[in-house]
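Each chain gets a letter, A, B and so on, in the order its sequence line appears, and its residues count up from 1.
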Protein chains: 2
Amino acid sequence: MPTGQGDRAPRATRQRQAVAQLLSRLHDFRSAQEIHAALRRSGESIGLATVYRNLALMVETGDVDTLNREGGEAVYLWCSRQHHHHLVCRSCGHAIEITGPAVERWAEESAQRYGYTDITHTLEVFGLCPDCSAAESDRR
Amino acid sequence: MPTGQGDRAPRATRQRQAVAQLLSRLHDFRSAQEIHAALRRSGESIGLATVYRNLALMVETGDVDTLNREGGEAVYLWCSRQHHHHLVCRSCGHAIEITGPAVERWAEESAQRYGYTDITHTLEVFGLCPDCSAAESDRR
DNA sequence: CGTGGTAATGAGAATCATTCTAATCATGGT
DNA sequence: ACCATGATTAGAATGATTCTCATTACCACG
């Protein structure tokens with residue numbers, strides 16, 4: 001083995017860039033199928049499997065966050081690298097990054113109290129964003 | 001219509017009781033399929049669809065909590081009626097109820113800061129329980 | 001600038017959890 | 001006990017996601 005550099009950089013394919021670009025412009029959680037449809041609509045030639053593969057990669061690298069919509073469908077959102085949580089609109093999917101140092105500490109302490117190790121946690125806050133709140137009360 | 005009793009009490013069928021009884025004895029998150037298999041193994045005659053239907057009912061009434069395993073499979077756990085979260089073993093599924101008043105407050109405040117209304121949140125802490133931690137370090 | 005090695009792609013098949021369907025059964029008010 | 005009606009069942013249907021593998025297209029090197 002010539003250089004000790006084991007892992008080569010992932011290739012910059014047209015499709016991968018298209019997915020990344022679309023996601024990085026969005027501020028809303030979107031499903032793989034929605035992303036696929038949007039790219040097709042905008043003229044991109046890309047397969048559904050490729051969308052799934054690239055989303056999985058981006059989740060691994062930490063560029064994208066994922067969570068499950070009620071119904072079990074996974075949705076994806078471009079996000080910052082640092083640890084954070086999301087405030088998500090239940091109606092339109094709009095998401096805002098939020099952090100809570102106190103929560104992190106509490107989770108860690110609670111787990112240790114019971115002897116649990118290798119601790120992680122998931123935390124999402126759902127609600128209606130200002131726009132959807134307004135629309136909601138109009139309807140009534 | 002004889003009595004004015006609008007909402008009928010759900011019938012106490014053998015299958016429904018079997019699901020409830022199994023769950024109430026367990027302290028671990030289990031999937032519908034696992035529950036179905038366990039009941040069959042113990043001699044119960046019950047269909048998979050019935051397990052799903054009854055689990056859904058119990059989730060509605062608040063007797064059972066549900067969350068998604070990585071992979072998207074839903075798992076279920078008998079739980080107390082009051083608001084709480086779970087400390088879940090990533091390996092064996094064992095769960096402990098935990099509460100964090102500070103977290104509730106933080107979630108509420110964060111959401112209000114951005115004008116979000118009708119707020120809910122999900123929070124789960126994952127780790128390896130003491131037993132699984134031990135087994136893990138043995139393996140290495 | 002060509003070329004080779006190889007990761008990436010894509011169409012469709014396969015998988016897996018979950019839900020629906022149509023037929024059958026059993027609960028419980030009378 | 002009777003029997004309308006809600007509950008159950010096996011299997012088919014659904015829908016999201018993953019796999020297969022032949023083909024394509026990055027890109028480091030010459």
Side-chain angles (χ1 to χ4, degrees), chain A residues 1-22 29-61 63-77 93, chain B residues 1-22 29-61 64 66-77 93:
Chain A
M1 193 175 285
T3 76
Q5 204 59 22
D7 43 358
R8 48 271 154 184
R11 293 179 183 174
T13 65
R14 176 174 46 77
Q15 292 91 333
R16 181 167 301 158
Q17 293 173 325
V19 173
Q21 199 168 108
L22 174 59
F29 276 99
R30 292 288 181 237
S31 73
Q33 320 248 6
E34 288 166 352
I35 291 165
H36 178 241
L39 289 173
R40 280 282 174 100
R41 221 178 300 120
S42 73
E44 263 304 329
S45 161
I46 186 170
L48 181 55
T50 300
V51 173
Y52 275 108
R53 254 191 311 253
N54 281 315
L55 286 173
L57 271 177
M58 292 171 190
V59 168
E60 285 246 333
T61 63
D63 288 315
V64 166
D65 264 359
T66 182
L67 59 85
N68 287 82
R69 221 149 34 195
E70 51 185 297
E73 193 181 19
V75 288
Y76 304 85
L77 175 74
Chain B
M1 191 174 286
T3 75
Q5 203 59 21
D7 43 358
R8 52 280 154 184
R11 292 182 183 171
T13 65
R14 176 174 45 75
Q15 293 91 334
R16 180 165 301 154
Q17 292 173 326
V19 172
Q21 200 168 108
L22 175 60
F29 276 99
R30 292 288 181 238
S31 72
Q33 320 249 3
E34 288 166 352
I35 290 166
H36 177 241
L39 289 174
R40 280 284 173 99
R41 222 180 298 121
S42 72
E44 263 305 328
S45 163
I46 186 170
L48 180 56
T50 301
V51 174
Y52 274 109
R53 189 154 8 82
N54 282 315
L55 286 173
L57 273 177
M58 293 171 190
V59 169
E60 285 246 336
T61 64
V64 166
T66 181
L67 59 85
N68 287 83
R69 251 208 287 253
E70 52 184 297
E73 192 182 19
V75 288
Y76 304 85
L77 175 74

Task: Whole-Å gap separating C1' (dT19(C)) and CG (L55(B)) - done: 14 Å
- [ ] Using a 4.0 Å heavy-atom cut-off across all strands, classify S31(A) as base, sugar-phosphate, or nothing.
- [x] nothing
- [ ] Specify the separation, in whole Å, of atom CD of E44(B) and atom P of dA10(D).
- [x] 12 Å
Task: Rounded distance in Å - CZ (R14(A)) to C1' (dC27(D)) - done: 16 Å
- [ ] Note down the inter-axis angle between the two ends of the helix from dC1(C)-dG30(D) to dT30(C)-dA1(D), five pairs each, to the nearest 10°.
- [x] 30°
Open item on the list: For a quick check of understanding: with a heavy-atom distance under 4.0 Å over all strands, which category does T13(A) fall into, base, sugar-phosphate or nothing?
Closed with: sugar-phosphate
Task: Length of the line joining R40(B):CZ and dT8(D):P, which is rounded to integer Å - done: 14 Å
Open item on the list: What is the distance, to the nearest angstrom, from the OH atom on Y52(B) to the C1' atom on dC16(C)?
Closed with: 9 Å
Task: Value rounded to 0.5 Å, distance of CG in L39(B) from CD1 in I46(B) - done: 5.5 Å
- [ ] Please figure out whether L48(A) or L57(A) has its closest DNA chain C nucleotide nearer the 5' end.
- [x] L57(A)
Open item on the list: Does dA17(C) have OP1 or OP2 under 4.0 Å away from a side-chain N or O of R69(B)?
Closed with: no
TODO: Looking only at non-hydrogen atoms, find the nearest pair between A12(A) and Q17(A) and report the distance.
DONE: CB-NE2, 3.7 Å
Task: Contact pattern, 5' to 3', of nucleotides 19-24 of chain D - B, S or - by protein heavy atom under 4.0 Å - done: B-----
Task: E73(A) CD - dT14(D) P separation (whole Å) - done: 18 Å
Task: Other residues, nucleotides, ligands: >12 heavy atoms within 6.0 Å of Q21(A) CD - done: no
Open item on the list: Listing request: all salt bridge (charged side-chain N to carboxylate O under 4.0 Å, His left out) pairs with a residue in residues 33-57 of chain A, at least two apart in sequence or in separate chains.
Closed with: R14(A)-E44(A), E34(A)-R69(A)
- [ ] In whole angstrom, give the distance that lies between atom CD of E70(B) and atom P of dA16(D).
- [x] 22 Å
TODO: Check whether any side-chain heavy atom of R16(A) sits under 4.5 Å from a side-chain heavy atom of L57(A), and report yes or no.
DONE: yes
Open item on the list: Measuring from the side chain of A74(B) (C-beta onward, heavy atoms only), which nucleotide among dA8(C), dT17(D), dT18(C) has the closest atom?
Closed with: dT18(C)
TODO: List the steps, then state whether side chain to side chain contact (heavy atoms under 4.5 Å, CB included) holds for T50(B) with N54(B).
DONE: CA-CA 6 Å; T50(B) 301; N54(B) 282 315; 3.3 Å; yes
Task: Heavy-atom pair of closest approach, residues L48(B) and A32(B) - done: CD1-O, 4.3 Å
Open item on the list: Students often get this wrong, so: under 4.0 angstrom with heavy atoms, is I46(B) touching a base, only sugar-phosphate, or nothing?
Closed with: sugar-phosphate
TODO: Would you confirm whether T66(A), through its side chain, and V75(A), through its main-chain N or O, come within 3.5 Å as a donor-acceptor pair?
DONE: yes
- [ ] Scan V51(B), V19(B), V64(B) and name whichever one has a side-chain contact (heavy atoms from CB on, under 4.5 Å) with Y76(B).
- [x] V64(B)
- [ ] Could you tell me the separation between the CD atom of Q15(A) and the C1' atom of dC26(D), rounded to a whole number of Å?
- [x] 11 Å
Open item on the list: For S45(B) versus Q15(B), what's the shortest heavy-atom pair and its separation?
Closed with: O-CG, 3.8 Å
Open item on the list: I want to check one thing: is the phosphate of dA16(D), taken as OP1 and OP2, less than 4.0 Å away from some side-chain N or O of N68(A)?
Closed with: no
Open item on the list: I'd like to know if R11(A) reaches the base of dA8(C) with its side chain, counting only an N/O donor and acceptor under 3.5 Å.
Closed with: no
